[in-house]
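The structure appears right after this line, and notes come after that.
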Amino acid sequence: MERLLEGRLLLVTGKGGTGKSTVAAALALLAATRGRRVLLAELDMSRPSLDRLFGITSTPEPQRVAERLDVVNVCYGPALEDFIGSVVPVRRVVRRVLDNPGIQRFLDFTPGAREMVTLSRVVQYARTYDLVVVDMPASGHAFSLLDVTRSALGLFRSGPMRDRAAKIREVIQQESTRVALVALPEEMVVNETLETHARFRDGELLSGEAAILLNRATLPTLSDAERTLLDRLEGQDLDPLGTELVAAGRWEAQLEHETARALERLRTVAEPVLIPPATEGGQPWEILQSVAVNLGRHVGVSRRKLP
């Protein structure tokens with residue numbers, strides 16, 4: 001956790017439905033609470049997750065949501081204008097380039113152009129903030145998005161696209177860039193997490209080992225006697241409260257079992273950080289606060305310190 005929050009660029013991904021957006025937001029919130037100027041970024045999302053987490057309407061320009069914490073939706077259009085502006089410094093010429101149908105078609109059909117433009121904007125933000133936390137797409141798409149830099153280096157022999165691809169890949173491979181994989185204690189999710197870790201490692205997209213955050217997980221708390229009692233009570237004719245209690249106990253026992261299995265496999269690549277389940281039915285910001293509080297315990301940030 002300390003290493004994650006002390007980097008310059010933090011890329012958060014995971015299988016869809018693992019809670020990666022909430023975890024990314026919690027990490028950004030913790031870093032800001034510890035005194036860093038942080039930008040939390042989504043990439044060209046038509047339905048941004050940050051809107052429901054922070055109660056905002058996200059924009060293509062950074063906006064403040066808490067002390068030292070900004071959020072942004074890195075949209076292709078504004079990012080493209082910024083990209084072309086870095087190559088052609090005259091604003092009037094930039095406008096004519098953007099309005100040219102031929103150039104638009106070229107960009108639309110050039111492999112990886114959209115991804116390169118988006119990543120270029122992220123790298124630019126990393127120069128102005130202490131830490132940029134990127135809520136990446138789901139793991140498979142995230143790898144393809146980052147690996148487009150390698151493809152671009154092979155496709156372009158010279159020119160601004162190749163130069164930008166080289167710069168982006170250099171930043172991704174820097175020691176100050178971290179990767180966090182969000183997982184769940186479920187077999188298919190663990191499989192994909194291990195596969196994603198291998199792809200990032202083999203694709204030279206890791207400056208060190210990736211961090212693994214195991215969401216909705218729990219360490220064993222039930223004793224053998226309690227497990228035996230649950231087995232005896234299951235199927236008995238109990239009142240509604242007793243039935244609910246036994247169901248909750250069985251759910252807890254199953255979660256402990258699945259967590260133990262997930263930990264055994266994930267520890268082959270990294271020691272996971274466990275995030276306990278948040279209260280069911282809570283508002284998005286309440287779930288965000290729960291995740292931030294649990295992760296904050298690893299870095300000395302208490303609930304009272306969180307905004």
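Computed from a predicted structure; not experimentally measured.
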Heavy-atom pair with the smallest gap, counting every atom of Leu10 and Leu4: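 Smallest heavy-atom distance, with atoms named: CD1-CD2, 3.6 Å.
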Greater than 12 external heavy atoms within 6.0 Å of [X]'s [atom1]:
X      : atom1 : value
Asp202 : CG    : yes
Glu271 : CD    : yes
Glu226 : CD    : yes
Arg303 : CZ    : no
Glu67  : CD    : no
Arg64  : CZ    : yes

[X] side chain vs [Y] backbone, donor-acceptor pair below 3.5 Å:
X      : Y      : value
Gln63  : Thr57  : yes
Thr118 : Arg114 : yes
Lys305 : Thr33  : no

Less than 4.0 angstrom from a charged side-chain N to a carboxylate O is my criterion; do [X] and [Y] meet it?
X      : Y      : result
Arg227 : Glu256 : yes
Glu258 : Arg216 : no
Glu187 : Lys15  : no

Would you say the side chains of Ser21 and Asp135 form a donor-acceptor pair under 3.5 Å?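 There is such a pair (donor and acceptor under 3.5 Å, judged by atom type) between the side chains of Ser21 and Asp135.
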Testing the 3.5 Å rule here: is there a donor-acceptor pair between the side chains of Ser58 and Glu42?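 No donor-acceptor contact under 3.5 Å links the two side chains.
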